[in-house]
Novice: 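Once you've had a glance at the structure underneath, I'll fire off some questions.
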Amino acid sequence: MNQQPPIEKTSELEGVEASGAARASVLFPLPLDKPYDYACEGEPPPPGSFVKAPFGPREVAGVIWPSEGEPPSLDKLKKLGEIFETPALAPDLIAFIDWAAAYTMFPKGALLRMVMRVSDALDGPRMQTAFAKTHEPQGLRMTAQRKAVLAAAGPEPKSAIDLAASAGVSDAVVRGLAEAGALARVEVDPDPPFVPPDLSRDGPALSDDQQFAAETIGAIIAEGGHKAVLIDGVTGSGKTEVYFEAVAAALKKDGQAQALILLPEIALTLPFLKRVEERFGAAPAPWHSDLTAAQRRRTWRRVAEGQARLVVGARSALFLPFPKLQLIVVDEEHDGAYKQEEGVIYHARDMAVARGSLAGFPVVLASATPSLETVVNVDEGRYEAVGLASRFADAAMPDIRLIDMREYAPEAGKWLSPSLVAAVNHNLSVGEQSLLFLNRRGYAPLTLCRRCGHRMTAPGSDSMLVEHRFENRLVCHHTGFSMPKPSACPACNAVDALTPCGPGVERVAEEARERWPKARIAVLSSDTAPGPSSMREVLDAMKAGVIDILIATQVAAKGHHFPELTLVGVVDADLGLAGGDLRAAERTYQLLSQVTGRAGRAEKPGRALLQTYQPQAPVLAALASGDRDAFLAAEAMGRRDLGFPPYGRLAALTLRSLDEKALEQTANALKAAAPPADGVEVLGPARAPIYRLRGVARMRLLVKTRRNVHIQAYLSDWLKAVKIPGPVRLVIDINPYSFL
Ligand code: ADP
């Protein structure tokens, strides 16, 4: 990663003029790359302070930022407005925002917006009246209703609504008791503080491997300063217990220190919050997109005050206003969900390491299948690594076999080969659970006309419509467009000629229900179980053993423990390999080893069967032999030969427009303006693989450079020389993960 020079601390008095007025620069949470200058009386508030300042017709909330450029003449400046009481952003967060803006090539204000997402958090506490029990006054007239309220009340203040609800009365009764002096009115903050983690609690006794790993990380924390360290160990080897020790060590070291654990999926956070609570005797502050506005506000404010010491969150938690962040853990560091593709495009794992490096604290990465980027960073000595060799308590690794589908083909119109069917039969007969994994939602990924060959696509889009039979609709997974399945082909009008091609989970479920009518079968994908809570129900049912066969997409692959699951059948192990994206094999390896790792976690050994038409593919051979290091070495060699990340740098420049002509002209003009430079190749322009989505056409240029090239500097020189016309939009993605 390219380090920007560290920002210099400005002297607090710099810019103060003889008149007593001073320059204060304010960065707004808007797509602006620079702070704006204002005049203020006396010393300017320190950088990081939340303020209001006139911007256009309104006053807008922003943050005092280190000034840039020549000091302006103060008498021409507008006056700084109100200063909020919210604690100022820490200097390391300001440095991080500046760095991240330069790295991602998004405006600083767009990054600041991610910090300021909670719109009412700056308003401070809005105190609410609550009621607590006092001594019962003499001569109080008692009624059944009053008795019920007094029984529900306690020394902890509760709101009138809560008290009334638990007593089953109206809140007038509560207020009446307060008038009579039987309840005390107390002003309380509606964002209650978080219970601090109990650091005196011990975790479980660690195995030798775990102990060694925990001590190594403990020594890094004790020493202070930045270091990235990878905990590398198979699923179930006890990585989580090891990084809990690291969290405890970091929080113990300094009474004000805060720690953040990042997880890739919201669906994982709920059980994880419980696990943290068991370990530390207190639930951590949560941060993810499923929180209510009140929960977000509470976490944001309590983090800003330094009161919330442990946060568990999704990638955007990196932008919470921690005053004293001292440790970040990135669990499942290889997970693609860490890459944010909308708005500001960033990779949360890389950003976490950058944040730690700017602020000088350690960052712990954990994975059973670390990304090639991280493995290379370890090999080249930039990151440290600690390994956990086996599953905790020596639970056996699953036995993984390939099924060559060219030899053992299923019957026509079916998707499960005889060997997989026999394995499921066996599991049903001994009462053990099976998981059939297919990473494809819906019934069939393609709907084709048997008469004319027409493929069903969404209007104005080139993406295939996926049949969802349960809802009887055709759905575009890229835009969300959906329509009822037509009875006639829209191209040739042939009736009943539209044919589903290939399987999705719903189609495999149809086959499973036909084959095993008595089995308890459930389907799990993001659309069969919309929302984390209904997904939880299926996952809990699976855990409780009331499902015999679960047919699922990757939502079941991550982090769950199913004690009775002993067979994983991968319906199409080749699925992720097509598409020609540079990380296709790596992702397939990660996903399939994660899925197959679901089998046989406890005492029962498990097995995994992978259906494939290309058993000779190195990634599948590596999965079957369990030789991860050989696979990674081959992957690394391939990427090095091609100069792809992590051995070179990549940036994708995507142009989007409704106007295809303007799009093509701009793409060609952009290419023509690319300055020749040593170690830089500009590929394209080419149409994106899915060229049109909702009528918007997209073209791509790919910039590939040697690792020692400052790719952002190259891009900004280039883009300065080009004017992108109004109807075309340019989006830059540094180190792209998606090539669609
Ligand atoms: P990973 O994070 O590597 O997948 P976990 O930390 O979740 O592994 O550990 C897998 C299981 O083993 C969990 O149920 C965990 O509670 C248990 N476990 C791990 N280490 C210990 C230990 N030292 N003592 C008791 N149980 C442990």
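Because the structure is a prediction, the values reported are computed rather than measured. Atoms within a ligand are numbered from 1 in the order they appear, just like the ligands themselves.
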Novice: Counting from 1, what ligand 1 atoms have a heavy atom of Leu206 closer than 4.0 Å?
Specialist: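 Selected atoms, number and element: 23 (N).
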
Novice: Compute the minimum heavy-atom distance from Val242 to ligand 1 and say whether it is under 4.0 Å.
Specialist: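 It does not, in that no heavy atom of Val242 comes within the 4.0 Å cut-off of ligand 1.
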
Novice: Between Ala368 and ligand 1, find which residue part has any heavy-atom pair under 4.0 Å and reply side chain, backbone, both or neither.
Specialist: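 The answer is neither; Ala368 stays 4.0 Å or more away.
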
Novice: Would you indicate which of Glu241, Glu245, Arg279 comes nearest to atom 16 (O) of ligand 1 when only heavy atoms are counted?
Specialist: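 Nearest option to atom 16 (O) of ligand 1, by heavy atoms: Glu241.
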
Novice: Determine whether the side chains of Ser371 and Glu586 contain a donor N or O and an acceptor N or O closer than 3.5 Å.
Specialist: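 Ser371 vs Glu586: no donor-acceptor pair found between side chains.
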
Novice: Could you check whether Arg583 makes a cation-pi contact with Tyr589, meaning its NZ or CZ is under 6.0 Å from the centre of the six-membered ring and within 45° of the ring axis?
Specialist: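 So Arg583 doesn't make the cation-pi contact.
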
Novice: Under the rule for side-chain hydrogen bond (donor to acceptor under 3.5 Å, both in side chains), what residues qualify as partners of Arg628, not counting sequence neighbours?
Specialist: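 Expected list: Asp232.
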
Novice: Suppose I only count heavy atoms of Gly238 and a 4.0 Å limit; which atoms of ligand 1 are within that range?
Specialist: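 Here the atoms of ligand 1 in question are 1 (P), 3 (O), 5 (P), 6 (O), 8 (O), 9 (O), 19 (C).
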
Novice: Could you tell me which residues satisfy side-chain hydrogen bond (donor to acceptor under 3.5 Å, both in side chains) with Gln211, sequence neighbours excluded, listed by chain and number?
Specialist: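 Testing Gln211 for side-chain hydrogen bond (donor to acceptor under 3.5 Å, both in side chains), a comparison that skips the adjacent residues, returns Glu215.
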
Novice: For ligand 1, is there an N or O atom under 3.5 Å from any N or O atom of Pro204?
Specialist: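 N/O-N/O distance below 3.5 Å does not exist for this pair.
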
Novice: Where do Trp415 and Met405 come nearest, in terms of heavy atoms and distance?
Specialist: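 Closest approach of Trp415 to Met405: O-CE, 4.0 Å.
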
Novice: Using distance alone, determine whether Arg275 and ligand 1 share an N or O pair under 3.5 Å.
Specialist: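 Yes.
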
Novice: As an exercise, identify every atom of ligand 1 less than 4.0 angstrom from a heavy atom of Val234.
Specialist: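 By the 4.0 Å cutoff, the relevant atoms are 3 (O).
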
Novice: Would you verify whether the NZ or CZ of Arg349 falls within 45 degrees of the ring axis of Tyr338 while also being under 6.0 Å from that six-membered ring's centre?
Specialist: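 Ring-cation test returns no.
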
Novice: When you measure from the heavy atoms of Gly233 to every atom of ligand 1, does any distance fall below 4.0 Å?
Specialist: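 It does not, in that no heavy atom of Gly233 comes within the 4.0 Å cut-off of ligand 1.
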
Novice: Under a 4.0 angstrom heavy-atom cut-off, which atoms of ligand 1 come close to Ala205?
Specialist: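 Under 4.0 Å from Ala205, ligand 1 has these atoms: 22 (C), 23 (N), 24 (N).
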
Novice: Donor-acceptor pair, Thr299 side chain versus Arg296 backbone, under 3.5 Å?
Specialist: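 It does not hold such a pair.
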
Novice: So which bit of Leu388 gets within less than 4.0 Å of ligand 1, heavy atoms only: side chain, backbone, both or neither?
Specialist: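 The answer is neither.
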
Novice: Any donor-acceptor pair under 3.5 Å linking the side chain of Asp548 with the backbone of Gln433?
Specialist: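 Side chain of Asp548 to backbone of Gln433, a donor-acceptor pair under 3.5 Å: no, none is there.
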
